[in-house]
Amino acid sequence: MKARELNNLGVPKGPVMKIALEAVKNAAKDGNKQAEMRERISAVVATPDSFTADPIWGTLASKLAGVFEAQARYIGREDPAPWKQWGDGLEAGAVDQMVNACKLPVTVSGALMPDAHQGYGLPIGGVLATKDCVIPYAVGVDIACRMKMTVLDLPVETLNKDQDRLRNAIERETLFGVGAGFRKKREHDVLDADWTVSPITKLNRDKAWKQLGTSGSGNHFVEFGVLTLDHEDLGLEAGTYLALLSHSGSRGTGAAVCSHYSSLAKEAHPELPRELSNLAWLDLDSEAGMEYWAAMNLMGEYAAANHACIHHAIKKNLSVDVLLDIENHHNFAWKETHGGEELIVHRKGATPAGDGVLGIIPGSMGTPGYIVRGKGVEASLRSASHGAGRRMSRTAAKAKFNWKEVKRFLDQRGVTLMSAGLDEVPMAYKDIEEVMASQQDLVESVARFDPKLVKMAKAGERPED
DNA sequence: ATGTCC
């Protein structure tokens, strides 16, 4: 019997499901037939209290009784927390998730960015301010997923005249794919940090080391392109520059941190109705909350180190100097003061846009991205989008597009694609210009970046070893 | 976005 079937019989998803599956296994061992089990589970769900002494169903019954009692005691808040959205025609699922997030008793306010789409718990592009607690799924699976751009002291013409040199640097200095790790590990000071702050980071330190400097999969990329400044800024004269841009996060270790603490958060909040369960939080003064906060911050340093390793290795490979470095997280939570109150601000796929704060908003492999300067708008909790946002699901994109038309699109724009999946093609993304236009009150554009040589994970790419 | 377990 599977979780889905148990759920249909009334067993709630979450920590109880594991216990239910265990009970089913024991019942089967004891010779119970499927039909008997189904009947018995329905009975346990209906009146758990009368089964707490049962040798097979007792543990499940007690746990269910506790969960149902907690759910019965739960009273939703009367007025949802205020929130505002940027951009029109946002995905209904994303808006629903934002509405739900503002029903949490711990939410103070929220904002939805113009690249929003549906995620686990909080939508991607969701910003949520809470009081004294952190929501693992409002930070996201890829904790501290971030952008880094390095402007290189290398002629823009290198992109055409010596493309193989650039291609070789990307090929040699980072790895793509789920589970990808270096045989010959990279070195970085982040390895000297305290990895014992959480059992998860302690357990995964070696994997994190192997994956240091790798890029992963999904929408992650490493690319060279042309940075164009219309005006003197960032310490650079107006003109065009060769720049390296990377997008990736905390790899397997960050995902493990998210998964572990999200489970603990769900256990701590069995009262939450189903549509809010992925938004379960940890109090910052609880042991789990303190551990998560420390682990999240370590993942912040680790993700920054990943980008640092990639950029350092590529720069060294090319033997060039760096003119400028810009970077920012977009999946993270910060302690910030808003309206005179210290809040925990979660930005899940949203760029920090405090007054004068620099950030990077990429478009797609074939469309421009922008270096932006935040305007510190409070209504957005000083945030902006983290990209163009998907126009359609990955499945839909794979069914709709083919490489021939993508190649034509990229050729027209002078983009060379080293590798990627069809689900990441530019046509699967919203128009970045429209997205930027809908958030011009949040950020000003400082410079434009046009990708020219792009590497992403191949479809279904697996690690070599 | 990640990588594993009934």
Side-chain angles (χ1 to χ4, degrees), chain A residues 1-7 11 13 15 17-29 34 37 115 117-126 136-147 174-182 200-201 203-204 206-222 246-263 278 295-296 299-300 302-303 306-307 329-332 346-350 362 386-387 389-390 393-395 397-398 420-421 423-424 428-429 456-465:
Chain A
M1 210 177 291
K2 288 186 178 152
R4 193 188 183 87
E5 198 177 341
L6 289 168
N7 188 234
V11 179
K13 288 179 188 168
M17 191 54 79
K18 214 172 164 183
I19 294 163
L21 288 164
E22 191 66 25
V24 166
K25 213 163 82 183
N26 292 336
K29 245 186 245 165
Q34 289 275 331
M37 280 198 264
D115 59 340
H117 48 102
Q118 210 174 328
Y120 279 115
L122 195 69
I124 322 297
Y137 267 137
V139 169
V141 170
D142 191 9
I143 299 172
C145 186
R146 68 202 317 266
M147 305 298 308
T174 189
L175 296 174
F176 283 85
V178 176
F182 281 107
I200 306 304
T201 49
L203 188 73
N204 283 283
D206 201 56
K207 177 163 86 176
W209 190 3
K210 279 189 75 166
Q211 296 191 325
L212 191 58
T214 64
S215 293
S217 63
N219 58 0
H220 291 175
F221 60 78
V222 174
S246 55
H247 177 209
S248 53
S250 51
R251 307 288 287 100
T253 307
V257 168
C258 173
S259 151
H260 178 74
Y261 289 98
S262 189
S263 296
N278 275 337
M296 179 196 77
M299 289 302 96
Y302 173 64
N306 279 338
H307 286 262
H329 292 325
H330 52 220
N331 281 13
F332 212 65
H346 307 72
R347 292 188 182 86
K348 181 179 188 177
H386 83 313
R390 296 196 72 85
S393 72
R394 294 183 179 279
T395 330
K398 280 186 262 191
D423 46 354
E424 282 296 330
Y429 281 86
M456 304 184 79
K458 282 178 207 146
E461 184 164 337
R462 312 298 295 192
E464 309 262 324
D465 49 348

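Protein chains get the first letters and strands the later ones, always in sequence-line order, with residue 1 at the start of each. None of these values were measured; they are calculated from a predicted model.
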Take atom [atom1] of [X] and atom [atom2] of [N], then tell me their distance rounded to the nearest Å.
X      : N     : atom1 : atom2 : value
A:D423 : B:dA1 : CG    : P     : 9 Å
A:Q118 : B:dA1 : CD    : C1'   : 16 Å
A:L122 : B:dA1 : CG    : P     : 16 Å
A:H247 : B:dA1 : NE2   : P     : 7 Å
A:R394 : B:dA1 : CZ    : C1'   : 8 Å
A:M299 : B:dT2 : CE    : P     : 13 Å
A:K18  : B:dC5 : NZ    : P     : 10 Å
A:K210 : B:dT2 : NZ    : P     : 16 Å

Quick one: is [X] getting a side-chain N or O under 4.0 Å of the [N] phosphate, OP1 or OP2?
X      : N     : answer
A:K207 : B:dG3 : yes
A:Q211 : B:dA1 : no
A:S217 : B:dT2 : yes
A:R251 : B:dA1 : no

Short side-chain donor-acceptor distance under 3.5 Å, A:H247 and A:H330: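 Distance-only check passes for A:H330 and A:H247.
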Flag for A:H307-A:S246: side-chain donor and acceptor within less than 3.5 Å: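 A:S246 vs A:H307: donor-acceptor pair found between side chains.
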Residue pair A:F176 / A:S217, side-chain heavy-atom distance below 4.5 Å: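 A:F176 does not reach A:S217 side chain to side chain.
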Sugar-phosphate, base or nothing in reach of A:E22, heavy atoms under 4.0 Å: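 Here A:E22 touches no strand at all.
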Interatomic spacing from CE in A:M456 to OG in A:S248 - rounded to 0.5 Å: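 Between atom CE of A:M456 and atom OG of A:S248 there are 11.0 Å.
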